[in-house]
Amino acid sequence: MSAAPILAAFRQSLGEAWAGGAGALLPLGFLGGASVLVPLGIGSDGETLKAVGPGIIWVALALASLVTLERIFQSDAEDGTLDLWLQAGAPVSAIAAAKTLAHWLSAGLPLALFSPLLALMFQAEASPALLVNAGLYALGSLAFFFWGGVGAALSATVRRGGLLISLIALPLYVPTAIFGALAMSGGPGSAGAPLFLAASTLFACAVAPYAMAAALRLAAD
Amino acid sequence: MWTYFANPHKFLRLSDWLAPAFYALGAACIAYGIWQGLWVAPKDEYQGGDIMRVMFVHVPAAWLAMASYSALAIASFVWFVWRHELADIAAKAIAPIGAVWTALCLATGSIWGKPTWGTWWQWDDARMMSVLFLFFLFLGYMALRAAMDTRQKAARAGAILAMVGAINIPLIKFSVDLFTSLHQDASVITADGPKMAAVYLTPLLVSAIGHSLLFGGLVMTSMRTEIRERRIARLRSRELEAF
Amino acid sequence: MIRGERVLFREVSVAVRAGDALLLRGANGAGKTTLLRILAGLTRPEAGRVTREAAHHWVGHREGLKPQETPREHLKLWAQAWGSGAETDSVLTRMGLARPADVAGRYLSAGQRRRTALARLLLEDRPVWLLDEPYTALDADGRNLVDDLIAAHRAKGGAVVAAIHGEAGFAASGDLTL
């Protein structure tokens, strides 16, 4: 076994994510749009926005991951690329992880880096803490992408799979959302939360690829 | 042992008398539980007065919500490893029935919560949240199975998802506990303390056994239906091939 | 092999040796593609097993070409994935893809996409070729090209298993009707 097929899968997915010229701009636009709806919905009171801001960004990140993931395995199943990857001579779990990572790099990470700007719009004080939070968003969104990837792989052959992915992935997003929001709350228990967040992300990275592999073999069958 | 139970013919023969027995015993237990709960057990003002009697449905439902997902995960695992069709038939039968009890647990909890907590839904209650996510896991499982185009694919996809859900449950539970332990206020009442008076505990246990028997009976009936439906589908396709 | 409740085929035995070309025949829906996918290890048979003693190439009826991918990128990607040092330029020329080499997959004709998929066969020497309807969408020139490739492959001691619906342009060493 060599790492070459895994690198090639990573490269192809990166190319696919950036195809059409939009790249990370599309998910960024989605995140911005979804966040902007919130003040319109709940009112523009500064204190309220400050309180809900971090949570809103978590929710928007979760939604953005679901939206970007819908096609990652579905297009492979449709155009026959999946058949080739399954015979590429590398563990399918590693291929699936490489593809997920590529999509996280082009959609998840840019969103996390963009989050301090949104936080400012939600009345947060400009401080280095916002950069720490961006790191937490990046860490948490990685777990979103891996669990969402399981949903995407399971529904790779399903038409209108997007809704199914959301239903499947939602319960799996719970620990990340809770630990992530807790880490930013500054309240009691928030000190240990980043560690829990890291642990749950690690768990996702360790387990999800095997589930994706089993699901992808099924999608090709 | 598995191969013995994996035989659909033996299952049909066994469940032929076992399912009705479960129904009869289950109905008797539930009737006893309801009678004790509604008329014999004294009401507890601290638990919201007469509304606490919903406990005799709520607690068994909560037990079954957890037990049915465990059963689903075990059946999925057995199918995934040994590929015994009966395990898949069991998993398919368990999901909707388990989901109904999970919904029942949420509904009764909500009804109990309104007079005691003053709200239909308490986000700070770890048990309500955990059961809610369990309900979502059931919904996702059923939706995924329904979306697959053959029964073999439904079985495989369902098994993968049920197992992913099962290994995530401890983490979900832990995170929800952490979430609620920081927000919890004193109004939350724990009904199932270890020192519950026998006047409540006995009917509660009998009721839980009754619900479990009813659940078992329903699952068996549903499995019998599924076995026969698959047989019909097989016969139909053979008929089509003959032409 | 069972699909849903439909038994596609049972008790099929296939063996290919060096230089063989086995044709899979059968009406639409008989299970030619499924048998090929079983041989490739993509589909798990309900019963039975496949023994693979040599690496294989797979060209299915879906080409595996992305809409934004050009033939050149496609071949470079798979050469990289397989760790092959093949000259993609010469492969493109051989397959008649020199002109559309830098045109994205979505603008290619069906025949050009098929040629791109077949071009993967030349990236790396693998003893067994599994081809699902290789002639689909190809013009007369393309069909001759396929025949030439297969002949050269067999001359080198390679084996081919192909599902072909119509006339095959090469002498098969055996055929199997499902």
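A, B, ... follow the sequence lines: proteins, then strands. Residue 1 opens every chain.
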Contacts with chain B made by residues 65-76 of chain A (heavy-atom distance under 4.5 Å), listed by residue number: none
What part of [X] is in contact with chain B, defined as an atom under 4.5 angstrom from a non-hydrogen atom: side chain, backbone, both or neither?
| X | value |
| --- | --- |
| A:Arg217 | both |
| A:Leu164 | side chain |
| A:Tyr210 | neither |
| A:Leu154 | both |

Heavy-atom count check: over 12 atoms from other residues, nucleotides or ligands less than 6.0 Å from B:Phe77 CZ? no
Counting the benzene-type ring for Trp, do A:Phe144 and A:Trp104 have ring centres under 6.0 Å apart? no
Any donor-acceptor N/O pair, A:Thr81 side chain to A:Ala77 backbone, under 3.5 Å: no
Any side-chain to backbone donor/acceptor pair from B:Ser207 onto B:Phe56? Under 3.5 Å, distance only. yes
Identify each donor-acceptor pair in which a side-chain atom of residues 135-149 of chain B lies under 3.5 Å from a protein atom, sequence neighbours left out, and give them as a table.
{"residue": "B:Tyr141", "atom": "OH", "partner": "B:Arg145", "partner atom": "NH1", "Å": "3.0"}
{"residue": "B:Arg145", "atom": "NH1", "partner": "B:Asp88", "partner atom": "OD1", "Å": "3.0"}
{"residue": "B:Arg145", "atom": "NH2", "partner": "B:Asp88", "partner atom": "OD1", "Å": "3.0"}
{"residue": "B:Arg145", "atom": "NH2", "partner": "B:Asp88", "partner atom": "OD2", "Å": "3.3"}

Given side chain to side chain donor-acceptor pair (under 3.5 Å), test B:Trp79 with B:Glu85 step by step and report yes or no. CA-CA 7 Å; B:Trp79 184 86; B:Glu85 202 188 344; over 6 Å; no
Would you name the heavy atoms of A:Pro116 and A:Leu130 that are closest together and state the gap between them? CG-O, 3.9 Å
One pair to check against side chain to side chain donor-acceptor pair (under 3.5 Å): B:His211 and B:Trp101. What are the steps and the verdict? CA-CA 9 Å; B:His211 278 262; B:Trp101 256 286; 3.0 Å; yes
Segment of B:Ile167 engaging chain A (4.5 angstrom heavy-atom cut-off): both
